[in-house]
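Below is one structure, written out as structure tokens, with a few remarks after it.
When reading the values below, keep in mind they use all heavy atoms of this one structure, side chains included, and skip hydrogens, waters and symmetry mates.
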Amino acid sequence: MSPQPAPAPLLIACALGIEQFALRAGERGGAGGPVTVLRTGMGPRAAERSVTRMLADPALAGAAVLATGFCAGLAPGMHPGDLVVAEETRDPAGTVPCVGTDLLVKELVRTVPGRTVHTGPLTGSDHVVRGQERSDLLTTGAIAVDMESAATLLSAVRTGERPVAAVRVVVDAPEHELVRIGTLRGGISAFHVLRTVLPAFYEWHRSLLLPRR
């Protein structure tokens, strides 16, 4: 009897220490394979370097990659603590389609009841976006912006074919701009939501391991 192949690993990438802390605080087991939570550092260049270096490890060959953490909502009516599931990530370096968006939405609705889940393009920036620039990005069709997701997923697919996704928690929005993450109510709300999302990520990952018919 031939041995079963090892389950494909899952790499969850975030930028900030507070994001990594929230994710680790929410760990309860239940993943379908080995899980690594990577803190990349802030900004697209840091994300590109960290993800490329991590995926060079043979133990992460074929790993699914999910970018997560906080983001800025672009659309009116978004609130801190809302969730964004990217249909694609985009920045000047390229656009990457995401895998399993519908499943992630379904699992997040079940895992984080009462929170609004938005879907659409997630755009990248190399700086914190505020004011008019936020409105300008909305006209491109993007619904949210952060500094690492696009670079993370583009780096991931450049290292090899693999499933990728991005889920972000809105920390500020057009009517709820924050000065500093973690100091105001919106930041606290986003932190608590980020602590709860891992089960949805695990279900997404587990679905990728099922045989296709």
Next item on the list: Evaluate the side-chain contact (heavy atoms from CB on, under 4.5 Å) criterion for residues V99 and R162: first the C-alpha distance (whole Å), next the side-chain angles of each, then the deciding distance (0.1 Å), finally the verdict.
Entry: CA-CA 9 Å; V99 174; R162 66 184 75 251; over 6 Å; no

Note to self: Using the rule given for side-chain contact (heavy atoms from CB on, under 4.5 Å), can you reason through V65 versus L55, listing the C-alpha separation, both sets of side-chain angles and the distance that settles it, and then say yes or no?
What the structure shows: CA-CA 10 Å; V65 175; L55 291 176; 4.1 Å; yes

Margin query: Before you tell me yes or no, could you show the steps for L38 and I12 under side-chain contact (heavy atoms from CB on, under 4.5 Å), namely the whole-Å CA-CA distance, both residues' side-chain angles and the distance that decides it to 0.1 Å?
Written below: CA-CA 6 Å; L38 170 68; I12 300 173; over 6 Å; no

Margin query: Pair R134, D172 - check side-chain contact (heavy atoms from CB on, under 4.5 Å), show working.
Written below: CA-CA 11 Å; R134 193 194 298 258; D172 71 341; 3.3 Å; yes

Check: Does the pair R45 and E48 meet the rule for a salt bridge (charged side-chain N to carboxylate O under 4.0 Å, His left out), with working shown?
Finding: CA-CA 5 Å; R45 290 184 180 179; E48 180 183 2; over 6 Å; no

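Contact record, A165 with L153: O-CD2, 3.5 Å, taken as the closest heavy-atom pair. The two residues G81 and V193 have their closest heavy-atom pair at O-CG2, 3.6 Å. Taking both residues in full, the closest heavy atoms of A61 and P9 are given as O-CD, 4.2 Å, listed atom of the first, atom of the second, then distance. Nearest approach of A151 to P44, heavy atoms of both residues: CB-O, 3.4 Å. The two residues F191 and A22 come nearest to each other via the heavy atoms CE1-CB, 3.4 Å. Considering every non-hydrogen atom in both V51 and A13, the closest pair reads CG2-CB, 4.5 Å.
Using a 4.5 Å heavy-atom cutoff, the side chains of H192 and I188 are in contact. Counting only heavy atoms from C-beta outward, the side chains of C98 and E87 never approach each other to under 4.5 Å. Counting heavy atoms from C-beta on, the side chains of V167 and L108 come closer than 4.5 Å. Two residues are said to be in side-chain contact when any heavy atoms from C-beta on lie closer than 4.5 Å; T101 and T119 meet this criterion. In this structure the side chain of F70 reaches within 4.5 angstrom of the side chain of E19, judged on heavy atoms. Counting heavy atoms from C-beta on, the side chains of E203 and K106 never come closer than 4.5 Å. Within the 4.5 Å cutoff, the side chain of C14 has no heavy atoms near those of the T40 side chain.
L23 and V164 are assigned to two separate hydrophobic clusters, defined by single-linkage of ILVMFWY side chains at heavy-atom distances under 4.5 Å. At a threshold of 4.5 Å between side-chain heavy atoms, the hydrophobic network of Ile, Leu, Val, Met, Phe, Trp and Tyr places V96 and V85 in two separate groups. A continuous path of Ile, Leu, Val, Met, Phe, Trp and Tyr side chains, each step under 4.5 Å between heavy atoms, connects L10 with L104, placing both in one hydrophobic cluster. Both Y202 and V37 are part of a single hydrophobic cluster, where members link through side-chain heavy atoms under 4.5 Å apart. Transitive grouping of hydrophobic side chains (ILVMFWY, heavy atoms separated by less than 4.5 Å) keeps L138 and L122 in distinct clusters.
In this structure, the separation between CD1 on I143 and OG1 on T123 is 11.0 Å, given to the nearest 0.5 Å. Atoms CG and CD, from L74 and E133 in turn, are 10.0 Å apart once rounded to the nearest 0.5 Å. In this structure, CG on L83 lies 9.0 Å from SG on C71, to the nearest 0.5 angstrom. Taken from CZ in R53 to CG in L60, the straight-line distance is 12.5 Å, to the nearest 0.5 Å. The distance from atom CG of L194 to atom CD of Q20, rounded to the nearest 0.5 Å, is 11.0 Å. Taken to the nearest 0.5 Å, the CG atom of L16 stands 14.0 Å off from the CZ atom of F21.
Using modelled atom types, one finds no donor on one side chain facing an acceptor on the other under 3.5 Å when comparing D136 with T139. Under 3.5 Å, the side chains of T68 and R168 contain no donor-acceptor pair of N or O atoms.
Looking only at distances, a side-chain donor or acceptor of T159 sits under 3.5 Å from a matching main-chain atom of A156. Under the 3.5 Å distance criterion, the side-chain polar atoms of E88 are left unmatched by any main-chain donor or acceptor of P121. Side-chain atoms of H118 do not come within 3.5 Å of backbone N or O of T116 as any donor-acceptor pair. For the pair D82 (side chain) and H79 (backbone), a donor-acceptor distance under 3.5 Å is present.
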